[in-house]
There are 2 protein chains.
Amino acid sequence: MRLTRAGEYGIRCVLYLARHGKGTLVSRKEIAVRTDVPPHFLAKIAQQLARAGIIEILQGANGGYRLLTDPERITMLEVIEAIIGEISLNDCVSRPESCRISARCTVHRVWNKANQQLRATLEETNFATLASEDACCLTPFPLAGDHDPSMGKK
Amino acid sequence: MRLTRAGEYGIRCVLYLARHGKGTLVSRKEIAVRTDVPPHFLAKIAQQLARAGIIEILQGANGGYRLLTDPERITMLEVIEAIIGEISLNDCVSRPESCRISARCTVHRVWNKANQQLRATLEETNFATLASEDACCLTPFPLAGDHDPSMGKK
DNA sequence: TCGATACAAGACTAAAAACATCTTATATGT
DNA sequence: ACATATAAGATGTTTTTAGTCTTGTATCGA
């Protein structure tokens, strides 16, 4: 009963980009190091974020990722669901036909309510808000100024 | 991102028992057939419900399971967590120390809120309510009168 | 008291999902 | 052209889920 790590990684990635602002290009390697995500795994996650239209991926030398949208217009729900698909707590929610009379089933209604509430909570939160405060899942880095000597190019 | 099937099965089991009322003994086989749960799997689930003090298991010929508590005092949360452990949406919730500065992390706070809300919703719902209405996860059976000829002893 | 019946408890297994990693290909700036 | 980046999918490992099997124990009733 948990969201996947890939989902968490996706949030870290978008959060890192959000701190740099929409349109700023950041290399995959930098994001991977700073958010503590395996680089190849990040690549897969980024592809899903790109397909969802949240980020853009630039290939070639000096390539990288950048946000396509303003951070305040990106919600946690969007990011999570871009990666793990629509959140559904169980079969009762995702495949109501698996039960016999789901339309009138109380259990079913409770699950649906819980599921919808969870999604609503995640939808309320955007990345401008997240980026403006401290976040645990990033290595600390100066909010202004991008060139941290400890990062290096190699 | 889903509760396990075992959790759903546990709810079916308790719901079935709730419809028979606190204290009524029902055989495992009957519950398994009527709730469409593999009998041996139900045994494992029942053991967890018993350890949590929700049901009592009686061995021997004519043994079976029965509710120890009034259905209105049993919540969905209790049943689910008796089986899958405390609900936590992700590592960020279950192991805050896995992040660096979780105490001040916005992301962390959102997850915690979502998690707590989910648990609250499940806690609001008790099995007296659930049992009083239609439910999809049970084969239909007459609410009054226990001896359905289609069940048979064999 | 013996046998049939019912559950206990844990070992075991199969399949799926999660969590990556690796390899080959492609794109881009210099 | 070459160095550097990412793409994309094949592959591999580990963990979890879901379920089964086997052996043992408890209770009832003839």
Side-chain angles (χ1 to χ4, degrees), chain A residues 1-13 17 25-33 35-52 55-66 80 83-85 87-92 94-95 98 151-154, chain B residues 1-13 17 25-33 35-52 55-66 80 83-85 87-92 94-95 98 151-154:
Chain A
M1 166 47 200
R2 40 187 49 231
L3 296 146
T4 63
R5 201 172 298 176
E8 289 191 69
Y9 289 167
I11 292 200
R12 294 188 197 181
C13 174
L17 290 171
L25 190 65
V26 185
S27 76
R28 181 180 56 150
K29 179 186 285 183
E30 176 180 339
I31 300 172
V33 169
T35 62
D36 198 26
V37 174
H40 282 92
F41 200 14
L42 178 58
K44 289 178 68 166
I45 291 164
Q47 285 161 34
Q48 295 180 275
L49 293 173
R51 265 178 238 129
I55 68 170
E56 183 184 27
I57 297 175
L58 298 189
Q59 290 205 156
N62 304 324
Y65 305 150
R66 69 175 160 211
I80 283 284
I83 293 161
I84 67 170
I87 288 176
S88 68
L89 290 171
N90 55 20
D91 280 348
C92 190
S94 56
R95 299 178 34 248
S98 70
M151 257 305 292
K153 228 26 195 164
K154 184 11 357 106
Chain B
M1 167 48 200
R2 43 188 45 230
L3 297 146
T4 63
R5 201 171 298 176
E8 289 193 68
Y9 289 168
I11 293 199
R12 294 188 197 182
C13 174
L17 289 171
L25 190 66
V26 184
S27 76
R28 180 180 57 149
K29 178 186 285 184
E30 176 180 339
I31 300 172
V33 169
T35 61
D36 198 26
V37 174
H40 283 93
F41 200 15
L42 179 58
K44 288 176 68 165
I45 292 165
Q47 284 159 37
Q48 295 179 276
L49 293 173
R51 265 179 237 130
I55 67 170
E56 183 184 27
I57 297 175
L58 297 188
Q59 291 205 154
N62 305 324
Y65 305 150
R66 69 176 160 210
I80 283 285
I83 293 162
I84 68 171
I87 288 175
S88 69
L89 290 172
N90 56 18
D91 280 348
C92 191
S94 55
R95 300 179 32 249
S98 69
M151 257 306 292
K153 228 26 193 161
K154 164 65 293 143

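Order of the sequence lines fixes the chain letters, A, B, ..., with proteins taken first and strands second; residue numbering starts at 1 for each chain.
If you check C:dC7, C:dC19, D:dA7 against the side chain of A:Tyr65, the one that comes closest is D:dA7. Comparing D:dT6, C:dC7, D:dG19 by their nearest atom to the side chain of B:Pro38 picks out D:dG19. Distances from the side chain of B:Lys44 to the nucleotides C:dA11, C:dC7, C:dG29 place C:dA11 closest. With D:dT6, C:dA8, C:dA4 as the candidates, the nucleotide lying closest to the side chain of B:Ala61 is C:dA4. Candidate nucleotides C:dG29, C:dA27, C:dA9 were compared by shortest atom distance to the side chain of A:Gln59, and C:dA27 ranks first. In this structure, the nucleotide among D:dA7, C:dC7, D:dA10 sitting nearest to the side chain of A:Gln47 is D:dA7.
Put simply, CG on A:Leu58 is 13 Å from P on D:dA5, counting in whole angstrom units. Atom CZ of A:Phe41 and atom P of D:dT6 are 17 Å apart (whole Å). Nucleotide C:dA18 holds its C1' atom 13 Å from the CD atom of A:Gln48, rounded to whole Å. Distance CD (A:Glu30) to P (D:dT6): 11 Å, rounded to an integer number of Å. As a whole-Å value, the separation of A:Glu8 CD from C:dA20 C1' is 15 Å. Residue B:Ile45 contributes atom CD1, which lies 13 Å from atom C1' of D:dT20 at whole-angstrom precision. For the pair A:Arg51 CZ and D:dT6 P, the interatomic distance rounds to 17 Å; values are reported in whole Å. Residue A:His40 contributes atom NE2, which lies 13 Å from atom P of D:dA5 at whole-angstrom precision.
Look at A:Arg5 and you won't find any side-chain N or O under 4.0 angstrom from OP1 or OP2 of C:dA18. Proximity of B:Arg28 to the phosphate of C:dC7: a side-chain N or O atom is located under 4.0 Å from OP1 or OP2. Neither OP1 nor OP2 of D:dT17 sits under 4.0 Å from any side-chain N or O of B:Tyr9.
Separation of atoms OG1 (B:Thr4) and CG (A:Asp91) is listed at 10.5 Å; rounding is to 0.5 Å. Taking NE2 of A:His40 as the start and CZ of A:Arg28 as the end, the distance is 5.5 Å to the nearest 0.5 Å. Taken to the nearest 0.5 Å, the CG atom of B:Leu49 stands 8.0 Å off from the CD1 atom of B:Ile57. Rounded to the nearest 0.5 Å, atoms CD1 (A:Ile45) and CZ (A:Arg5) are 10.5 Å apart.
For B:Tyr65 against B:Ala43, the heavy-atom pair with the smallest separation is OH-CA, 3.7 Å.
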